[in-house]
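First the structure, in the form of structure tokens, and then the observations on it.
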Amino acid sequence: MNQSLTSAFLNILPNLAKNSSPDILAAFKNKINSGHFTRAQDPVSHINTMAAFYDPKLAEIFWGFHLKAQCYCFNGGHTDETDSSPAAVIQREISEELGLDYALANIHAPELITCMDIYNPQFPCREHFDVFFFFPVNKNHFHFDAQKMATEYSHWGWYPLAQAKKMNSSTNNFQALELIEKKLISR
């Protein structure tokens, strides 16, 4: 077990408390304290990080149709034992899936934890704790690597928030979309 990664996940709990369900927050804390929260340690239930990119001026979000999950979702992925922190996980995932290079200093603390049941008989995974990081960007300056994106998504793009909500089929993404909407309203 990576003690520094365990500590790093425990350190984000106060930041997640503002927007997350107390029950899910407690289950997340228990998962971390179990010491088995990466996919390698527990193929059935593990922690993911998600990158919710949105353009606050245009009220649009960036996401795609994920090949394995068979739904629209934000970019992200599983925590690895070699990761040093939740921010390092999302930094790696953004690089792997989008080809974008974000310095750790430019990655703000995550703001939401959700728990999603997974029903795909082709994979052992049954539960994801998804830690959401939010990235306000100008979509006109958001240049990603489409070849990397195509390794995990069949199609993707920028969608108005109202349209994304209609496309959505999962409660965890709904919560992230709701939080983006709150951010837009409070601007």
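- Applying the side chain to side chain donor-acceptor pair (under 3.5 Å) test to Asn19 and every residue at least two apart in sequence or in another chain returns nothing.
- The side chain to side chain contact (heavy atoms under 4.5 Å, CB included) search around Ser169 returns Cys71, not counting sequence neighbours.
- By the neighbour-count criterion of 12 heavy atoms within 6.0 Å, atom CZ of Phe123 is densely surrounded, having more than that number from other residues, nucleotides or ligands.
- More than 12 heavy atoms of other residues, nucleotides or ligands sit less than 6.0 Å from atom CG of Asn138.
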For residues 140-149, run the donor-acceptor check on the side chains, cut-off 3.5 Å, and write out each pair with its distance to 0.1 Å, sequence neighbours left out.
from: His143; atom 1: NE2; to: Asn140; atom 2: O; distance (Å): 3.4
from: Asp145; atom 1: OD1; to: Gln147; atom 2: N; distance (Å): 2.9
from: Asp145; atom 1: OD1; to: Lys148; atom 2: N; distance (Å): 3.2
from: Lys148; atom 1: NZ; to: Ser95; atom 2: O; distance (Å): 3.3

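- Through side-chain heavy atoms spaced under 4.5 Å, either directly or across other Ile, Leu, Val, Met, Phe, Trp or Tyr residues, Leu58 is tied to no other residue.
- Partners of Tyr54 according to the ring-ring contact (aromatic ring centres under 6.0 Å, His included) rule, which considers only residues two or more places apart in sequence or in another chain, do not exist here.
- Arg126 meets the salt bridge (charged side-chain N to carboxylate O under 4.0 Å, His left out) test with no other residue; sequence neighbours excluded.
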Using residues 107-114 as the side-chain source, report each donor-acceptor pair under 3.5 Å to any protein atom, sequence neighbours left out, with the distance given to one decimal.
from: Glu111; atom 1: OE1; to: Lys183; atom 2: NZ; distance (Å): 2.8
from: Glu111; atom 1: OE2; to: Lys183; atom 2: NZ; distance (Å): 2.9

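- What you find for Phe135 and Ala51 is that their closest heavy atoms are CE1-CB, 3.8 Å.
- Not counting sequence neighbours, the partners of Phe65 by the side chain to side chain contact (heavy atoms under 4.5 Å, CB included) test are Gln70, Tyr72, Ser154, His155.
- Shown here are the side chain to side chain donor-acceptor pair (under 3.5 Å) partners of Asn173, two or more places apart in sequence or in another chain: Ser170.
- Ring centroid separation for the pair Phe129 and Phe37 does not come in under the 6.0 Å cut-off.
- Val44 belongs to no hydrophobic cluster with other residues, because no ILVMFWY side-chain heavy atom falls under 4.5 Å from its own, directly or through intermediates.
- Residues meeting the ring-ring contact (aromatic ring centres under 6.0 Å, His included) test with Tyr153, sequence neighbours left out: His66.
- With sequence neighbours excluded, the residues satisfying side chain to side chain donor-acceptor pair (under 3.5 Å) with Thr38 are Gln41.
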